[in-house]
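This structure is a prediction, so every number in the text was calculated from the model and none was measured.
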Amino acid sequence: MTSTVQTATSTVQTLPAPETLTPERLRAWAWQRQGLDGSLNGKTSEEVLDHAGWARSVGGANPYLTLFARAGISREQADRDVKALKIHELPTARGCTYVLGQADYAWALQIGRDAAIAPFKVLARLGVERGEITLLEDEVEHALRETSSPMDPKQLRDVLGDSVRSLGEEGKKKGASTTLPTALGLLQADGRIRRVPVNGRLDQQRYAYTKWGLPPGKLDDDGARRLLLERYLRWTGGATFKQSQWFTAFTVAQSKKALAAIGAVEVPTACGEILWMLPADVERLADFEEPGDEQIQLLAGTDSLVLLRRNSADMFADEDRGKSVLGSTLALQADLPDHPILDRGRIIGLWQYDPGKERIAAWTFDQPTEAVRERITQVEAWIRDELGDFRSFSLDTPASRQIRIDALDEAAGR
């Protein structure tokens, strides 16, 4: 069964019957839209990030696994792409950092500019005027033009001397110990400088800065918001209004305006939720057939499949929703405590990497199939040979995750 609806662009759209859009079907649909079904094999890093969405980077290994899981891209190739500026880590939606392709740099920075300006509220209360930061921006740019090598914040402070003002204990309490981070954030948001990883790798958070000079984008703010929401719906295959606002941080008015501009369609589902979808995806979903064979992936907890909508609870089958580790029910948590093992969009287990034993500690809710065991072995070898460890974020260490590793082993009966 289908129904029709008039879209914002005045075209008639045929909708799938709500009862056909079950959680199982929508999980498989999102899986396919994310390119986790093998359809991105052989694609470049840029192409993967354009198709599946920007890879969240918090000093962890998620960007590498994002590319490896979808297209088999090695860490070395990803690092070469970063060095060649084909992909780069930049602050964008909500002021968060993501790894994205070069075609998106200018407008993605534009989306994140409000977050770069936000620290002024704190600085103003500490007696710092805008002119002081503007002067400091100019001096940072001059210092970087005078050197052929990137400079880390300590080197910049040494060169700039008294131009960088200490904000004392009061500033530390408010998260602004000096004026330098605000100046660096504004310069990066304008594309005048860029931040580069000290050792060339994305899975750490030691950075230096170098001059850039990225040409400004051609979109106004409304155009940039419209493009982000179009990309977001394409990456997810559909999302609720609330989910889109969590990712974009747009106001209600901004969200509604952007949705109308791209002709997004409201699609009712079997569980009663309303998904906003692109018209072309509504047609694709109507013809979509769920794959019959296993498609196993080990992903990071911050993978686009999970993080874009922050809806890991929807990825559990009904019989698995009560599963718990260390007393915490998995389906009741906003974010997963461990990385997920999935089959066609359904979470079937959890994993962590134990670098001391060079192995993956994995727990699957049911007895693992041969396909599950094979994929665990493949990812285990890739981490061991190419990464050395798999950190969730910059402060994640083997010692800090040992309790999780032990809990997974216990749950698996090891």
Are the charged groups of [X] and [Y] less than 4.0 angstrom apart, N to O?
X	Y	answer
Arg346	Asp343	no
Asp389	Arg391	no
Asp314	Arg309	no
Arg321	Asp318	no
Asp37	Arg344	no
Glu380	Arg373	no

Inset, instruction - Just grab all the ring pair (Phe, Tyr, Trp, His ring centres under 6.0 Å) pairs involving residues 62-95, residues at least two apart or on different chains. - result: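 Sorted result for residues 62-95: Phe68-Trp382, His88-Trp212.
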Applying ring-ring contact (aromatic ring centres under 6.0 Å, His included), can you list everything that pairs with [X], at least two apart in sequence or on another chain?
X	value
Trp276	none
Tyr232	Phe247
Phe390	His339, Trp351
Phe316	none

If you look only at distance, which donor and acceptor atoms sit under 3.5 Å apart when one is on a side chain in residues 97-104 and the other is two or more places apart or in another chain?
{"from": "Thr97", "atom 1": "OG1", "to": "Arg56", "atom 2": "NH1", "distance (Å)": "3.4"}
{"from": "Thr97", "atom 1": "OG1", "to": "Ser57", "atom 2": "O", "distance (Å)": "2.6"}
{"from": "Thr97", "atom 1": "OG1", "to": "Ser57", "atom 2": "OG", "distance (Å)": "3.4"}
{"from": "Tyr98", "atom 1": "OH", "to": "Arg94", "atom 2": "NH1", "distance (Å)": "3.3"}
{"from": "Tyr98", "atom 1": "OH", "to": "Arg94", "atom 2": "NH2", "distance (Å)": "3.3"}
{"from": "Gln102", "atom 1": "NE2", "to": "Glu46", "atom 2": "OE1", "distance (Å)": "3.1"}
{"from": "Asp104", "atom 1": "OD1", "to": "Trp107", "atom 2": "NE1", "distance (Å)": "3.3"}
{"from": "Asp104", "atom 1": "OD1", "to": "Arg231", "atom 2": "NH1", "distance (Å)": "3.1"}
{"from": "Asp104", "atom 1": "OD1", "to": "Arg231", "atom 2": "NH2", "distance (Å)": "3.2"}
{"from": "Asp104", "atom 1": "OD2", "to": "Trp54", "atom 2": "NE1", "distance (Å)": "3.1"}
{"from": "Asp104", "atom 1": "OD2", "to": "Arg231", "atom 2": "NH1", "distance (Å)": "3.0"}

Legend entry - N/O donor-acceptor pair under 3.5 Å between Gln110 side chain and Leu219 backbone: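 Yes, the answer is positive, given that a donor and an acceptor are paired below the 3.5 Å cut-off.
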Legend entry - Side-chain (Glu266) to main-chain (Leu275) donor-acceptor, under 3.5 angstrom: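 No; judged by distance alone, with no hydrogens or angles, the pair does not exist.
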Legend entry - Cation over ring face, Arg27 and Trp31, 6.0 Å, 45°: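 The answer is no; the distance or angle limit is not met.
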Legend entry - Separation of Arg33 CZ from Leu285 CG (nearest 0.5 Å):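 Leu285 atom CG to Arg33 atom CZ measures 10.0 Å (nearest 0.5 Å).
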Legend entry - Glu24 side, atom CD; Leu26 side, atom CG - distance, nearest 0.5 Å: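 Going from the CD atom of Glu24 to the CG atom of Leu26 covers 9.0 Å.
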For [X], does the [atom1] atom have more than 12 heavy-atom neighbours from other residues, nucleotides or ligands under 6.0 Å away?
X	atom1	answer
Lys257	NZ	no
Ile403	CD1	no
Glu410	CD	no
Arg206	CZ	no
Glu76	CD	yes

Inset, instruction - Tell me, with the steps shown, if Glu170 and Arg125 meet side chain to side chain contact (heavy atoms under 4.5 Å, CB included). - result: CA-CA 10 Å; Glu170 185 65 21; Arg125 291 195 291 269; over 6 Å; no
Sequence neighbours excluded, every pair satisfying salt bridge (Lys or Arg N to Asp or Glu O under 4.0 Å) that has a member inside [range]:
range	answer
residues 80-91	Glu89-Arg195
residues 292-306	Arg70-Asp303
residues 179-189	none

Legend entry - Under the side-chain contact (heavy atoms from CB on, under 4.5 Å) test, residues paired with Gln333 that sit two or more places apart: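 side-chain contact (heavy atoms from CB on, under 4.5 Å) list for Gln333, sorted by chain: Ser328, Leu330, Pro337.
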Legend entry - Counterpart residues, side-chain contact (heavy atoms from CB on, under 4.5 Å), relative to Glu230 (two or more places apart):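 side-chain contact (heavy atoms from CB on, under 4.5 Å) list for Glu230, sorted by chain: Leu227, Arg234, Ile262, Leu278.
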Legend entry - Summary of side-chain hydrogen bond (donor to acceptor under 3.5 Å, both in side chains) pairs that have at least one residue in residues 353-367, sequence neighbours excluded: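 Checked against side-chain hydrogen bond (donor to acceptor under 3.5 Å, both in side chains) - neighbours excluded - the pairs reaching residues 353-367 are Arg359-Asp409.
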